[in-house]
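Below you'll find the structure, written out as structure tokens, and then a few comments.
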Amino acid sequence: MAKSDSSAEKPAEARSHFIREMIEAGVRDEKHGGRVVTRFPPEPNGYLHIGHASSINLNFGMAAAFPGGICNLRFDDTNPDAEDVEYVDGIQEDIRWLGFDWGDRCYFASDYFQQLFDFAILLIEKGLAFVDSSSLKEIRKLRGNFYEPGTNSPYRERSIEENLDLFRRMRAGKLEDGAQVLRAKIDMQSPDLNLRDPILYRIRRVHHHRTGDEWPIYPMYDFAHGLSDAIEGVTHSLCSLEFEDHRPLYDWILRACEIESPPEQTEFARLNLNYTVLSKRKLLQLVDKGHVSGWDDPRMPTLRGIRRRGYPPQAILQFCDEVGITKRDSVVDVGLLEHFVRDALNFGAPRAMGVLRPLKVVIENFPEDQVEELDAPFHPNDPSFGSRKLPLSRVVYVERDDFMEEPVKKWFRLAPGREVRLRYACLITCVDVIQDPNSGEVVELRCTWDPESLGGAPADGRKVRGTLHWVSADHSVPAEVRLYNRLFKDENPSAGDGDFLDSLNPDSLEVLSGCRVEPSLANAQSGDCFQLERMGYFCVDPDSERSGTLVLNRTVGLRDTWAKEAKQAAPGTGAAC
RNA sequence: UCCCCGGUCGUCUAACGGCAGGACAGCAGGCUCUGAACCUGUCAAUGGAGGUUCGAAUCCUCCCCGGGGAUCCA
């Protein structure tokens, strides 16, 4: 039984990592009452990308790994300047596409604004927070720097009553943006700058996408995040490495607010990919400046981009599991992602034939009006996919790249005098080459076929090395095919002092318009995925509906050891697509 | 010059004081009606110096290298 032995069949038992072990130990020791509650906390200021998939997989995965575990979706919407409902809808769509479900627990930090405000009052009453009327510039100056300690604000010793009054006036909306802020009273000498009387609340009189104009003040991340976790009963607050320095503040706030069973913050390294940028700011720039067609451009590392490209969610999850969770910064090779995409598609995608750059072939001894219907399986390793009929007629198209007038060594495709197999059809021999008299370009091949080889092997059992994909000229349907290359030329587009946009690959998109695909694809629906044999995995782009012709995205090419070998033999000639 | 974190094959990752293992990539074969998939084999690593120990990737000290940290961002 040689069914394709893909890892897609056996969902690898979840690999362990330090966070899983930590949670396991905690559950064993009845820490947090033995509960596991995580949350995925996106800020709705951009679309999710492959890096977020790792965090989503972690948070939802850990919840699922323990009995009774749950994972909330919580929008961290405390900065109305950058945020938008467009993103809250898109983010939910993307997480669902990955296969995760938060039940009815879709929360918003903005839902907690009143509770957060009350906690701030508590802090003031306890003498742990004060209103600072210094200007932004003064606050910055007094904070000190890496090497110099900070200095106490002149407003630090205001009375509790005065602070209460001032803070309530902030809330009442009577003050200008920036007039004053609420600060925690911690330690201006601390080597951890986050502890130098961090700002808890600021005045920002702008419209919020959920709370409208109700709040003229907004809580800062450090204040809002831990308390939101606490309000939701989160036990494990998993975040990325850059918040490590914030953990003492996270703990301070929960302690100061007298949270009885405080959540625990643990940091892990974010996912990085070479030849890719994963920063919302940079992705936004690509979209805004028109370097890509949108957040869902198939070259984008966004979840909607790779979804449109045809990456199966299963492949992304397996990729995340394989990469794992650690505390060390790393840059994963995009090749690993592509490996899991191929792996999932090899297992799950039906096969078809399509010619990207057609070269006309006339089979001279094939009767003019004859059409042979050949049976071809949809999957070579899995009969459950069934089969379809392929029409063979006198004129067919083969791939232009499969013919070489002067074949290099080890070439076993078509060339003058050479015999090859048309996949699932018959053997043909090239007997003549027709060129354009002016350009010299090969425009047509004249071949003969061996009728006895119909359906497979020749009668005499002779071996033929090359097998080509093909379509019948009259029966095939037209298609536009979009080939994608990496968006950036450099492994690390953000390295150096230059603009990352300078690293953009001008050849990241190649549109082929005269393609021909087999008739079974005529009714393919947007989103359908299949392999065009020998050419790669493809999916139907939604543009097909608009344009009325089939538009195919190449999801990923097949491994191509011949291209590699040919490239080594003739450096500089290698076709890189 | 300060604080925090991290350094294991090319890349990612395991090891919880006891044989440095896996995946991807690479290379060499095999099989094949996809130069795919699949199968077999193979290359390849503990940043450095000391110390503790019968035994150190793992514990300790120092050094080196990398990342993060001074938004009224998250």
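Throughout, a chain's letter reflects where its sequence line sits, starting with A, and its residues are numbered from 1.
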In whole angstrom, give me the gap between the [atom1] atoms of [N] and [M].
N      : M      : atom1 : result
C38(B) : U32(B) : C1'   : 9 Å
A25(B) : U11(B) : C1'   : 8 Å
C65(B) : G29(B) : P     : 44 Å
A20(B) : U53(B) : P     : 22 Å
C9(B)  : G47(B) : C1'   : 14 Å
C4(B)  : C63(B) : P     : 14 Å
C59(B) : G17(B) : P     : 9 Å

I'd like to know if Glu322(A) reaches the base of U13(B) with its side chain such that a donor and an acceptor end up less than 3.5 angstrom apart.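 Flag unset: no donor-acceptor pair detected.
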Please determine whether any donor N or O and acceptor N or O are separated by less than 3.5 Å between the side chain of His17(A) and the base of A14(B).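 For His17(A), whose side chain was compared with the base of A14(B), there is no donor-acceptor pair (under 3.5 Å).
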Using purine N1 to pyrimidine N3 plus N6-O4 or O6-N4 for Watson-Crick, or N1-O2 and O6-N3 for G-U wobble, each under 3.5 Å, what pairs with [N]?
N      : answer
C2(B)  : G69(B)
U52(B) : none
A14(B) : none
G29(B) : C39(B)

Can you tell which of [options] lies closest to the side chain of [X]?
X         : options                : value
Arg328(A) : U13(B), U1(B), G35(B)  : U13(B)
Asp245(A) : G35(B), C3(B), C24(B)  : C3(B)
Arg351(A) : C24(B), A36(B), U11(B) : A36(B)
Gln568(A) : A74(B), C27(B), A25(B) : C27(B)
His246(A) : U34(B), U13(B), A74(B) : A74(B)
Glu43(A)  : A36(B), A74(B), C24(B) : A74(B)
Val332(A) : A37(B), C12(B), C33(B) : C12(B)
Asn346(A) : A37(B), C4(B), A36(B)  : A37(B)
Arg559(A) : A25(B), A14(B), U71(B) : A25(B)
Lys564(A) : A36(B), G26(B), C33(B) : G26(B)

Against the six-membered ring of Phe130(A), is Arg158(A) placed for a cation-pi contact (under 6.0 Å from the centre, within 45° of the normal)?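 No, cation not above the ring by the 6.0 Å, 45° rule.
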cation_pi(Arg171(A), Trp215(A)) dist<6.0 Å, angle<=45: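 So Arg171(A) does make the cation-pi contact.
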Has [X] got a side-chain N or O lying under 4.0 Å from the OP1 or OP2 atom of [N]?
X         : N      : result
Arg421(A) : U34(B) : no
Thr561(A) : A36(B) : yes
Arg143(A) : C72(B) : yes
Arg140(A) : C72(B) : yes

What nucleic acid atoms does [X] come within less than 4.0 Å of, heavy atoms only: base, sugar-phosphate, or nothing?
X         : answer
Val464(A) : nothing
Gly46(A)  : nothing
Ser134(A) : base
Trp470(A) : nothing
Met353(A) : nothing
Tyr201(A) : nothing
Leu336(A) : sugar-phosphate
Tyr218(A) : nothing
Arg413(A) : base

Can you measure [X] atom [atom1] to [N] atom [atom2] for me and round it to whole angstrom units?
X         : N      : atom1 : atom2 : result
Phe340(A) : A25(B) : CZ    : C1'   : 13 Å
Lys409(A) : G35(B) : NZ    : P     : 19 Å
Glu565(A) : G29(B) : CD    : C1'   : 13 Å
Leu193(A) : C4(B)  : CG    : P     : 12 Å
Leu195(A) : C4(B)  : CG    : P     : 12 Å
Arg171(A) : C72(B) : CZ    : P     : 23 Å
Tyr537(A) : U34(B) : OH    : P     : 13 Å
Leu317(A) : A23(B) : CG    : P     : 21 Å

When you check the gap from the basic side-chain N to the acidic O, do Arg39(A) and Glu232(A) get nearer than 4.0 Å?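 Glu232(A) and Arg39(A): not salt-bridged.
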Less than 4.0 angstrom from a charged side-chain N to a carboxylate O is my criterion; do Asp197(A) and Arg156(A) meet it?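 Yes, Asp197(A) and Arg156(A) are salt-bridged.
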Hey, are Ser134(A) and Asp132(A) close enough side-chain-wise for a donor-acceptor pair under 3.5 Å?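 Distance-only check passes for Asp132(A) and Ser134(A).
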Using distance alone, with no hydrogens and no angle criterion, decide if Asp222(A) and His246(A) have a side-chain donor and acceptor under 3.5 Å apart.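 Checked: Asp222(A)/His246(A) side chains pair up, N/O donor to acceptor below 3.5 Å.
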Can you confirm whether or not the ring centre of Phe243(A) sits under 6.0 Å from the ring centre of Tyr250(A)?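 Centroid separation for Phe243(A) and Tyr250(A): 6.0 Å or greater.
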For His208(A) and Phe113(A), I'd like to know if the aromatic rings sit close, meaning centre-to-centre distance below 6.0 Å.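 Yes: the rings meet the under 6.0 Å criterion.
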Taking the nucleotide of RNA chain B with the closest heavy atom to each, which residue, Asp192(A) or Asp222(A), is nearer the 5' end?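 In this pair, the answer is Asp192(A).
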With RNA chain B as reference, determine whether Asp76(A) or Trp562(A) sits nearer its 5' end, using the nearest nucleotide of each.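 Of the two residues, Trp562(A) wins.
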Ring geometry between Tyr47(A) and Tyr87(A) (parallel below 30°, tilted from 30 to 60°, perpendicular above 60°):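 Tyr87(A) vs Tyr47(A) ring planes: perpendicular.
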